[in-house]
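Since the model is a prediction, treat every value here as computed from it, not as a measurement.
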Amino acid sequence: MKRFYKLFSSAIVLVLTIGAGLSALVPVTNAAQVPAKLSDYQNHPHRDAIDYVVKNKLMWLFPDGSFQPDKPITQADLVAGLVNVKGLTSGEPVQELPENHWAKVYYERAKRDGILDGVEINPNKVMNREEASRLMVNAWKSLFPRYPWKQQYNIIYSVGSNWIAGKPGKFPNGVSTTLYDSFGTVSRGEQAFALQSLHREYQGIQEAEKIATQFHNSLKISGETIRGALPTVKGYDTRLYVRFKNGKTDTIDSGKFSFSTSQVEYVRFLVKFKGEAESLANYLYGKLPTLERENSR
């Protein structure tokens with residue numbers, strides 16, 4: 001997955017409406033029940049992503065079994081999808097929506113998570129690319145708090161992160177651009193592609209944190225000597241960078257290790273998807289000989 005960070009170093013529950021403007025939820029949870037209608041996306045460029053989001057219950061089929069991949073999404077569609085991607089379960093009150101609104105629980109969970117920061121609540125609004133990007137960036141800020149998220153336009157992040165495909169058009173200020181069109185709508189097929197990417201990365205982060213905990217628990221200090229072992233997990237690369245006080249650096253990518261803490265300035269433990277550059281977990285041990293660590297993702 002190509003994410004925006006490489007530029008520097010390198011719905012969902014889709015609420016199923018019975019027609020445009022209706023907000024009744026009639027989810028079809030088993031795609032196998034309605035195979036005849038799947039033909040409406042069988043030749044779509046985002047077919048695999050659509051299969052993925054339906055299988056993982058990030059988006060839903062319509063009651064007749066169709067997906068309608070070219071239909072534009074609303075704010076509520078994307079809010080619900082992002083809540084599903086992160087598996088959010090707790091929320092806080094959102095007064096702008098009535099108690100019986102189908103998306104109220106999703107908005108409450110999104111608000112607590114920060115997904116709605118700086119966003120005007122309007123569930124029926126058809127999203128343009130910049131507005132959709134704002135919600136995606138908000139959802140990811142809590143996962144990468146050290147990253148400099150504040151930029152003039154969120155579309156730059158979403159395109160650079162490969163959540164939304166590049167497209168010629170204009171920035172919100174009207175300036176022409178070859179990649180970062182802000183005014184086009186986002187279709188259900190495009191939303192499926194984005195949610196697939198975000199969900200895979202989110203799951204990767206959860207697994208990477210487990211690996212980081214396993215590594216941390218392996219560390220033992222005896223006198224000035226620290227010992228440990230790098231976990232081996234299919235699909236992930238683990239690396240330990242050791243910065244010595246003499247300015248040299250060593251990299252350990254497998255097996256057991258030991259070194260003298262008196263000779264080391266700091267160590268950094270990283271977990272990545274195999275073959276990719278960006279870190280899913282990043283911990284700095286900068287206060288040796290203690291095992292105090294700092295989350296640097």
Could you pull out the closest heavy-atom pair between [X] and [Y], with the gap in Å?
X      : Y      : answer
Ala110 : Val79  : CB-CG1, 3.7 Å
Leu280 : Ala208 : CB-CB, 3.5 Å
Ala192 : Ile50  : CB-CG1, 3.9 Å
Glu201 : Trp140 : OE1-NE1, 3.3 Å
Arg134 : Gly118 : NH2-CA, 3.4 Å

[X] vs [Y] side-chain heavy atoms within contact, under 4.5 Å:
X      : Y      : value
Val267 : Phe259 : yes
Val271 : Asp237 : no
Met136 : Ile164 : yes
Asp40  : Pro69  : yes
Phe269 : Arg293 : no
Ser133 : Ile155 : yes
Leu88  : Tyr106 : no
Ile205 : Leu143 : yes

For Lys111, which residues count as a salt bridge (charged side-chain N to carboxylate O under 4.0 Å, His left out) partner, sequence neighbours excluded?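 Scan of Lys111 (salt bridge (charged side-chain N to carboxylate O under 4.0 Å, His left out), adjacent residues dropped) gives none.
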Test of understanding: with salt bridge (charged side-chain N to carboxylate O under 4.0 Å, His left out), list the residues that count as partners of Glu120, not counting sequence neighbours.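 Partners of Glu120 under the salt bridge (charged side-chain N to carboxylate O under 4.0 Å, His left out) test: none.
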Partner set under side chain to side chain donor-acceptor pair (under 3.5 Å) for [X], not counting sequence neighbours:
X      : value
Arg47  : Gln42
Arg243 : Thr249
Tyr202 : none
Ser187 : Glu190

For Lys245, is there an ion pair with Glu265 - N to carboxylate O distance below 4.0 angstrom?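 Salt bridge: no.
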Establish, from distance only, whether the side-chain atoms of [X] and [Y] form a donor-acceptor pair under 3.5 Å.
X      : Y      : result
Ser182 : Arg129 : no
Asp51  : Tyr41  : yes
Asn124 : Gln75  : no

Supply the atom-to-atom distance [X] [atom1] to [Y] [atom2], rounded to the nearest 0.5 angstrom.
X      : Y      : atom1 : atom2 : answer
Gln196 : Lys55  : CD    : NZ    : 11.0 Å
Gln152 : Glu130 : CD    : CD    : 9.5 Å
Trp163 : Leu198 : CH2   : CG    : 5.5 Å
Gln191 : Thr185 : CD    : OG1   : 12.0 Å
Arg239 : Thr251 : CZ    : OG1   : 7.5 Å
Arg109 : Leu82  : CZ    : CG    : 14.0 Å

With His46, which residues qualify under ring-ring contact (aromatic ring centres under 6.0 Å, His included), at least two apart?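 ring-ring contact (aromatic ring centres under 6.0 Å, His included) list for His46, sorted by chain: His44, Phe193.
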Does Tyr107 have any ring-ring contact (aromatic ring centres under 6.0 Å, His included) partners at least two apart in sequence or in another chain, and if so, which?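 Listed in chain order: nothing, the list is empty.
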Report yes or no: do [X] and [Y] belong to one cluster of Ile/Leu/Val/Met/Phe/Trp/Tyr joined by side chain heavy-atom distances under 4.5 Å?
X      : Y      : value
Phe257 : Ile221 : yes
Tyr241 : Leu288 : no
Leu270 : Ile252 : no
Phe215 : Leu291 : yes

Are any side-chain N or O atoms of [X] and backbone N or O atoms of [Y], one a donor and one an acceptor, separated by less than 3.5 Å?
X      : Y      : answer
Asp77  : Thr74  : yes
Glu131 : Asn128 : yes
Asp113 : Ile115 : no
Lys104 : Leu97  : yes
Thr238 : Pro231 : yes
Arg268 : Ser296 : no
Ser197 : Ala194 : no

Is it true that Phe67 and Phe62 have ring centroids separated by less than 6.0 Å?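 They do not qualify: ring centres at least 6.0 Å apart.
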Step by step, would you call Thr225 with Thr261 a side-chain contact (heavy atoms from CB on, under 4.5 Å)? CA-CA 6 Å; Thr225 301; Thr261 59; over 6 Å; no
Listing request: all salt bridge (Lys or Arg N to Asp or Glu O under 4.0 Å) pairs with a residue in residues 206-228, at least two apart in sequence or in separate chains.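 Qualifying pairs, neighbours excluded: Glu209-Arg297.
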side-chain contact (heavy atoms from CB on, under 4.5 Å) evaluation trace for Asn56 with Asn84: CA-CA 9 Å; Asn56 288 280; Asn84 287 339; over 6 Å; no
Pick from Leu116, Asn154, Asp117: which one makes a side chain to side chain contact (heavy atoms under 4.5 Å, CB included) with Leu135?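 Output: one option passes, namely Leu116.
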Steps toward side-chain contact (heavy atoms from CB on, under 4.5 Å) verdict (Ile211, Tyr236): CA-CA 9 Å; Ile211 296 170; Tyr236 294 86; 4.0 Å; yes
Who clusters with Tyr266? Use side-chain heavy atoms, under 4.5 angstrom, across I, L, V, M, F, W and Y, and order the result by chain and number.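 Cluster partners of Tyr266: Leu284.
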Listing request: all ring-ring contact (aromatic ring centres under 6.0 Å, His included) pairs with a residue in residues 275-297, at least two apart in sequence or in separate chains.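 ring-ring contact (aromatic ring centres under 6.0 Å, His included) check on residues 275-297 returns His216-Tyr285.
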When you look at CG of Asn246, are more than 12 heavy atoms from neighbouring residues, nucleotides or ligands closer to it than 6.0 Å?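 Counting other residues, nucleotides and ligands, CG of Asn246 exceeds 12 neighbours.
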Would the number of heavy atoms belonging to other residues, nucleotides or ligands and lying under 6.0 Å from NZ of Lys150 be above 12?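 No, NZ of Lys150 has 12 or fewer neighbouring heavy atoms, counting only those of other groups under 6.0 Å.
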For a quick test of your reading: what N or O donor-acceptor pairs under 3.5 Å do the side chains of residues 172-179 make, sequence neighbours left out?
from: Asn173; atom 1: OD1; to: Val175; atom 2: N; distance (Å): 3.0
from: Asn173; atom 1: ND2; to: Tyr153; atom 2: OH; distance (Å): 3.1
from: Thr177; atom 1: OG1; to: Leu179; atom 2: N; distance (Å): 3.2
from: Thr177; atom 1: OG1; to: Tyr180; atom 2: N; distance (Å): 3.0

